[in-house]
2 protein chains.
Amino acid sequence: MATQKKDANAAEVTIWERMDRPAPAARVALSPQKIAAVAVEVADAEGVGAVTMRRLAKELGVAPMAAYRHVSGKDDLWALMVDRVSAELSVPDEVTDWREVLRSFAVQTREMTLRHPWLGSMPAPLFALTPRRLAVAERQLAALDGLGLDVDVMMAAFRAVTAYVYGAARSEVVLRQYMEEHGWWSPDETRRGLAPQMRYLMGTGRYPTYRKYAEHAARKDDAAWEFETGLDCLLDGIAARLGL
Amino acid sequence: MATQKKDANAAEVTIWERMDRPAPAARVALSPQKIAAVAVEVADAEGVGAVTMRRLAKELGVAPMAAYRHVSGKDDLWALMVDRVSAELSVPDEVTDWREVLRSFAVQTREMTLRHPWLGSMPAPLFALTPRRLAVAERQLAALDGLGLDVDVMMAAFRAVTAYVYGAARSEVVLRQYMEEHGWWSPDETRRGLAPQMRYLMGTGRYPTYRKYAEHAARKDDAAWEFETGLDCLLDGIAARLGL
DNA sequence: ACGGTCTGTGTACGGCGTATCGAGACGCGT
DNA sequence: ACGCGTCTCGATACGCCGTACACAGACCGT
């Protein structure tokens, strides 16, 4: 394979060599969309840690640096990924009740985050001015519009829900990842695995209430219930405080 | 004597146990505490990205691998850092009203997160069974205890607030970091910097409500107000729904 | 005095992001 | 028809990173 690159180039190349040379190839093999698609696939399958420029290049059958023609670097890539999966969120147009709209997006966002755990570990989801994320925000703000709310309050309500959802989903994801890293595939296995730490910490006697929870709680593993309980509290509070 | 040996799983001495052990002698240059202290300093000053094992070693005047005697790796280090700064949170013992306790911790946690922006980018704060984090949880759970609440509901309420605080604080931090990265030192500079993106996105006409906010909002830059508004909504909702 | 244990050192490996430069293929003005 | 600028992609290389591993010296109880 060594001497492929002679200086007297074209003329000397045998037809055979010519024949199994890669391919004329469709001119543009890459595009931001393709790159984002592959990145999402890899991140879903193996975690965000597996998303490296080299890995994407390999997956795309392309040289390590090729992708840089289409995305400026890792940051661009994150934004593209976030925008891409945001398409999974949708609430039917018929639904107009503010509370139903916000609740539906919240529940869907949690599910999306569990499907794409890497979402929690990038900055973009919270800030990101991407088209699809903005569309999601717009839909929720529109549902809150026309209710006589001050525009600042409206945004505060929307953002409060977003913050809650992000924090709650993130904590679920982090727990799952921690379990996976340790090879714990069930809540019980996890408790067994954590037992040494717990024994030591609880042994200090400094956390009696927490201990009571650890020993007597009945819904410790019902994350969806916990999520929705908190969400409903928040929506209640918004409704009350904002006079909706 | 035999208990310390490598048999079975006794080999697993948790980092917390280690931390409680007295520094063996003067000859010991390193300890988990010292390492964590330096790590926090570096992270505060230059961001979590600057916290590398090699950097810490340099800062401690020690060989790159030395820290591994005291910390099993990056994960231990994150946990130690989180535990360390958690000491900054405190609510006087006299305060016993559940709402006051939760609110105070929430506000303090936001401030702490703004002081230590790297907090938002590690998994530990949400899950972490560290002594001091557990103490913070214990204090809040204790405040909710004895109110006739089901233990699961109690935990759900506590965790809802935690999730909100984490999400809200994180979004503030992310925005600040984004600004810093672009050299924008004021909200107005930021708006100017973002103007091109905004012009394009708003130009599509797909985000009318968002646009209204962008153009007419009065408290756009009052993050503390926004945070406390959402927090109070959530606490209202908890009080109402839980019959407190 | 001595063996075991613990602390810190030195070296090395495989990855990472990405700067830089060169080669080849397209498309437009002539 | 042709040539040249422009864009896409390839190859190489640099300087980081986390950390595995083998080792050396200091301390300890005996």
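Proteins come first, then strands; the chains are lettered A, B, ... in the order of their sequence lines, and each starts at number 1.
- Applying the salt bridge (Lys or Arg N to Asp or Glu O under 4.0 Å) criterion to Arg211(B), with sequence neighbours excluded, gives Glu215(B).
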Close N or O pairs between protein and nucleotides 10-14 of chain D (under 3.5 Å):
| unit_1 | atom_1 | unit_2 | atom_2 | d |
| --- | --- | --- | --- | --- |
| dG10(D) | OP2 | Ala63(A) | N | 2.4 |

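- Remark: Phe158(A) engages no residue in a ring-ring contact (aromatic ring centres under 6.0 Å, His included) (not counting sequence neighbours).
- Summarising the geometry, the separation between CG on Leu56(B) and P on dC17(D) is reported as 10 Å, rounded to the nearest angstrom.
- Straight-line distance from the CE atom of Met53(B) to the P atom of dT11(C): 19 Å, rounded to whole Å.
- Looking at residues 37-50 of chain B, you'll see that no heavy atom sits under 4.0 Å from any atom of DNA chain C.
- A salt bridge is defined here as a Lys NZ or Arg NE, NH1 or NH2 lying under 4.0 Å from an Asp or Glu carboxylate O, and Arg159(A) with Glu226(B) meets this definition.
- Legend: residues meeting salt bridge (Lys or Arg N to Asp or Glu O under 4.0 Å) with Arg191(B), ordered by chain and number and at least two apart, are Asp188(B), Asp221(B).
- Put simply, CG on Leu30(B) is 16 Å from P on dC27(D), counting in whole angstrom units.
- Between Val107(B) and Leu231(B) the shortest side-chain heavy-atom distance falls below 4.5 Å.
- The OH atom of Tyr68(B) sits 15 Å away from the C1' atom of dG10(C) (whole-angstrom rounding).
- Side chains of Glu189(B) and His182(B): a donor-acceptor N/O pair is absent below 3.5 angstrom, by distance only.
- The side chain of His70(A) places no N or O atom within less than 4.0 Å of a non-bridging phosphate oxygen (OP1 or OP2) of dC7(D).
- Here the P atom of nucleotide dG18(D) and the CD atom of Glu181(A) are 16 Å apart, to the nearest Å.
- Between Asp76(B) atom CG and dG18(D) atom P there is a gap of 14 Å when expressed in whole angstrom units.
- By the salt bridge (Lys or Arg N to Asp or Glu O under 4.0 Å) test, Glu181(B) is found to be paired with no residue, residues two or more places apart in sequence or in another chain being considered.
- With respect to the salt-bridge test (charged N to carboxylate O, under 4.0 angstrom), the residues Glu59(A) and Arg55(A) qualify.
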